[in-house]
Amino acid sequence: MSILTVETMPIEGQKPGTSGLRKKTRVFVGTHFVENFVQAILDAIGGAAGKTFVLGGDGRYFSPQVAQVILRMCAAQGAKKVIVGQDALLSTPAASHLIRLNKTDGGFIMSASHNPGGLDEDFGLKFNMPNGGPAPEGVTDAIFAATKTISSYRILEAQDIDLDTLGETRLGEMAVQVVDPVADYADLMETLFDFPKLRALFAGGFRMRFDAMCAITGPYGTEILERRLGAPEGTVVNGTPLPDFGGMHPDPNPTWAHDLMDVMFGDDAPDFGAASDGDGDRNMVVGKNTYVSPSDSLAVLAANAHLAPGYRGGIAGVARSMPTSAAVDLVADAMGIGKFETPTGWKFFGNLLDAGKVTLCGEESFGTGSDHVREKDGLWAVLLWLNVLAERGETVAEVLESHWKAFGRNYYSRHDYEGLPVDVADGIVDPLRARLGELPGTTVEGMEIAAADDFAYTDPVDGSVSQMQGLRIVFADGSRFVIRLSGTGTEGATLRLYLERYVAGPEDLGLDVQAALAPVIAAAETLAGIKAASGRDGPNVVT
Ligand code: G1P
Ligand code: ZN
């Protein structure tokens with residue numbers, strides 16, 4: 001086996017976004033595209049020599065081929081070992097766990113998360129650090145810089161190696177250890193949650209539906225819910241990961257997980273429903289006739305985490321992304337623990353978790369997690385909810401109602417305008433940004449603007465600064481809206497409008513969400529003119 005040095009040239013557009021590099025699969029399959037990006041990663045982290053990495057992904061189309069390329073490049077560049085999930089499969093949280101458990105030098109995750117998969121859909125690749133979390137901006141900037149100057153990459157000339165069989169083999173001088181993708185992760189969950197109590201819950205007839213959306217959490221859900229917790233067979237639906245996710249859009253929200261919503265809002269609904277996304281880091285939880293908004297879910301879990309064995313000692317603090325509702329802040333204030341507001345994207349939580357400043361964190365985009373790994377974790381959130389329901393002996397609706405009674409309710413919704421031409425999206429955001437300074441003190445749709453800015457964040461641990469993270473317009477009554485452009489899309493631009501209004505209660509805690517937000521929606525439209533500029537009647541996804 002010889003090591004080849006292959007000449008190449010920079011390829012445009014290899015800038016990692018909110019979560020790694022995501023592109024149309026047809027772009028990823030292009031000549032040298034994967035190799036250039038992998039070389040840039042290895043260069044940016046100071047080379048592979050002597051290092052151990054984790055490798056896996058959500059099983060989407062093209063992953064098996066990319067896994068072989070990564071292995072051959074690591075082998076050519078002196079890596080000591082790569083730990084690979086069987087068939088190159090690993091959920092994102094399981095990959096994060098393996099990186100930490102084995103004290104490795106990081107890992108490669110092949111996924112475009114909740115984006116559809118297939119030759120005509122999306123592919124993605126990201127690098128996670130030795131702490132198990134996504135590479136921070138300093139590293140992704142260095143990766144991008146390396147993609148712009150690359151002139152060659154090094155790769156081992158070798159046959160594909162067998163990733164179906166568990167155990168250790170060699171590729172050149174490098175060890176390749178193929179591991180069960182589920183076992184270590186499931187063991188970790190057993191240390192955090194009261195499995196005997198959950199077994200008793202299911203034995204007592206508690207009914208649940210977990211929709212894996214033909215993506216990576218199928219095997220994890222089946223092992224944990226059906227095998228270890230004894231939930232009846234069939235609790236997990238769409239449980240086999242497929243390269244194209246069976247044509248589904250594996251994004252667990254009411255729009256894309258509508259089958260689950262129909263069941264949960266239908267006759268004879270189970271007690272609890274949940275879904276996860278392509279790579280297993282997102283979650284949606286639903287009760288009988290009860291949708292739980294992700295921001296509320298984070299707040300409820302923060303208020304109740306102590307009911308699960310892994311968090312019995314209490315939580316150190318909480319963090320949420322800026323567009324996420326402030327519901328969890330109210331819990332933190334009541335508990336007297338720290339609270340942090342970060343830019344969008346899980347990579348901003350890593351430092352806070354590593355420094356022990358926070359235990360739980362979450363985003364409005366169906367992401368919740370804790371310090372057990374350095375990614376958000378879909379099944380973890382589902383198990384924590386189950387643990388809370390089992391301890392409280394209440395339904396999801398009852399848990400939510402008592403939470404709102406205690407803390408008030410942050411009515412919340414996100415309106416997405418997907419697939420806009422980039423210039424149209426910029427034409428909405430840029431003029432509004434230019435006017436931010438003159439808005440405070442003015443009134444729009446009868447609502448007085450108290451503050452307006454473009455969110456900037458200074459990391460309290462390393463002092464790094466991230467600017468232009470979303471336009472915030474806050475009204476005198478505490479309501480607000482936020483506008484930002486997606487950093488994960490692969491085509492055109494997606495404009496996200498986040499809307500929030502707080503009601504202290506005890507009245508008006510059970511309003512229709514969109515109706516409760518109507519004044520904020522109207523003010524946002526007047527200020528930003530999204531419908532007029534986009535030519536759309538309204539958002540195409542509402543969560
Ligand atoms: C979206 C979500 C964000 C999440 C990211 C990765 O990013 O909004 O909260 O961390 O996906 O799952 P965006 O497309 O908004 O940049
Ligand atoms: Zn994901």
Side-chain angles (χ1 to χ4, degrees), residues 13-23 28 33-49 51-58 66-67 69-70 73-74 77 79 82-83 90-100 102-113 123-150 153 279 281 319 321 342-355 361 363 367 369 371 373-377 457 459 461-467 469 486-488:
Q14 294 202 324
K15 184 176 169 50
T18 311
S19 183
L21 183 64
R22 285 191 202 167
K23 294 280 170 196
F28 256 99
F33 193 90
V34 170
E35 291 86 346
N36 274 21
F37 190 63
V38 172
Q39 188 64 56
I41 292 172
L42 294 177
D43 290 346
I45 62 167
K51 291 185 178 169
T52 298
F53 299 115
V54 166
L55 168 64
D58 60 19
V66 174
V69 168
I70 292 173
M73 290 183 67
C74 287
Q77 302 186 34
V82 178
I83 300 167
L90 280 178
S91 77
T92 292
S96 182
H97 177 52
L98 282 183
I99 292 170
R100 297 165 63 77
N102 296 288
K103 300 192 169 38
T104 65
D105 300 287
F108 298 87
I109 301 178
M110 302 173 291
S111 167
S113 187
F123 191 81
L125 180 60
K126 73 171 178 175
F127 186 78
N128 279 28
M129 305 300 282
N131 74 347
E137 275 188 344
V139 177
T140 55
D141 287 349
I143 294 171
F144 182 45
T147 69
K148 292 197 280 194
T149 56
I150 188 166
Y153 60 82
D279 63 330
D281 57 359
S321 66
T342 61
T344 297
W346 209 260
K347 60 190 171 207
F348 294 100
F349 294 135
N351 279 349
L352 298 172
L353 291 163
D354 285 349
C361 34
E363 296 191 274
D371 60 357
V373 289
R374 292 295 180 274
E375 290 277 4
K376 53 188 177 256
D377 189 345
Y457 177 69
D459 187 300
V461 179
D462 66 17
S464 59
V465 178
S466 304
Q467 262 148 355
Q469 297 294 324
S486 160
T488 56

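In this text, all values refer to a predicted model and were calculated from it rather than measured experimentally.
- No donor-acceptor distance shorter than 3.5 angstrom exists from the side chain of Arg100 to the backbone of Gly132, with no hydrogens or angles considered.
- Pairing each heavy atom of Phe53 with each of Ala48, the nearest pair is CE1-CB, 3.9 Å.
- Atom SG of Cys361 sits about 5.0 Å away from atom CZ of Phe349, to the nearest 0.5 Å.
- Lys148 places no side-chain N or O within donor-acceptor distance of the main-chain N or O of Phe144, the cut-off being under 3.5 Å.
- Inter-residue side-chain proximity for Phe33 and Gln14 is flagged as met; some heavy-atom pair is nearer than 4.5 Å.
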Pairs under 3.5 angstrom only: tabulate donor-acceptor contacts from the side chains of residues 36-44 to other protein residues two or more places apart or in another chain.
unit_1	atom_1	unit_2	atom_2	d
Asn36	OD1	Thr8	OG1	2.8
Asn36	ND2	Thr8	OG1	3.4
Asn36	ND2	Met9	O	2.8
Gln39	OE1	Gln77	NE2	2.6
Gln39	OE1	Arg154	N	3.2
Gln39	NE2	Asp43	OD1	3.0
Gln39	NE2	Gln77	OE1	3.0

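- Residues passing the side chain to side chain donor-acceptor pair (under 3.5 Å) test with Arg374, sequence neighbours excluded: Asp354.
- Pairing each heavy atom of Cys74 with each of Phe108, the nearest pair is SG-CE1, 4.0 Å.
- Partners of Ser96 under the side chain to side chain donor-acceptor pair (under 3.5 Å) rule, at least two apart in sequence or in another chain, do not exist in this structure.
- Within the 4.5 Å cutoff, the side chain of Pro134 has no heavy atoms near those of the Phe127 side chain.
- Annotation: side chain to side chain donor-acceptor pair (under 3.5 Å) contacts of Asp371 (sequence neighbours excluded): none.
- Gly369 approaches Trp346 most closely through the heavy-atom pair N-CH2, 3.6 Å.
- Partners of Ser113 under the side chain to side chain donor-acceptor pair (under 3.5 Å) rule, at least two apart in sequence or in another chain, are Asp277, Asp279.
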Stepwise side chain to side chain donor-acceptor pair (under 3.5 Å) check, Thr92 with Asp281: CA-CA 6 Å; Thr92 292; Asp281 57 359; 4.7 Å; no
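- With sequence neighbours left out, the side-chain contact (heavy atoms from CB on, under 4.5 Å) criterion links Ala135 to Met129, Val139, Thr140.
- When all heavy atoms of Gln469 and Pro343 are compared, the closest pair comes out as OE1-CB, 3.4 Å.
- By the ring pair (Phe, Tyr, Trp, His ring centres under 6.0 Å) test, Phe123 pairs with Phe28, Phe62, sequence neighbours left out.
- When the side-chain contact (heavy atoms from CB on, under 4.5 Å) test is applied to Thr104, the partners found at least two apart in sequence or on another chain are Thr52, Val54, Ile83, Ile99, Asn102.
- For the pair Ala319 and Leu352, the tightest heavy-atom approach, listed with the atom from each and the gap, is CB-CD1, 3.9 Å.
- Expressed to the nearest 0.5 Å, how far CE of Met110 lies from CD1 of Ile70 amounts to 6.0 Å.
- Results of the side-chain hydrogen bond (donor to acceptor under 3.5 Å, both in side chains) test with Asn351 over Asn131, Thr342, Asp462 single out Asp462 as the only residue that passes.
- For the atom pair Lys15 NZ and Ile143 CD1, the distance stands at 11.0 Å (nearest 0.5 Å).
- Counting only residues at least two apart or in different chains, salt bridge (Lys or Arg N to Asp or Glu O under 4.0 Å) contacts with residues 125-141 comprise Lys126-Glu375.
- The distance from the CG atom of Leu55 to the CG atom of Leu90 is 7.5 Å, given to the nearest 0.5 Å.
- Listed by chain and number, the residues in a ring pair (Phe, Tyr, Trp, His ring centres under 6.0 Å) with Phe348 amount to none (sequence neighbours excluded).
- Rounding to the nearest 0.5 angstrom, the gap separating the OG atom in Ser466 from the NZ atom in Lys347 is 8.0 Å.
- Across all their heavy atoms, Val69 and Glu35 have their closest contact at CG1-CG, 3.9 Å.
- Residues Asp58 and Ser91 fail the side-chain proximity criterion, which asks for heavy atoms closer than 4.5 Å.
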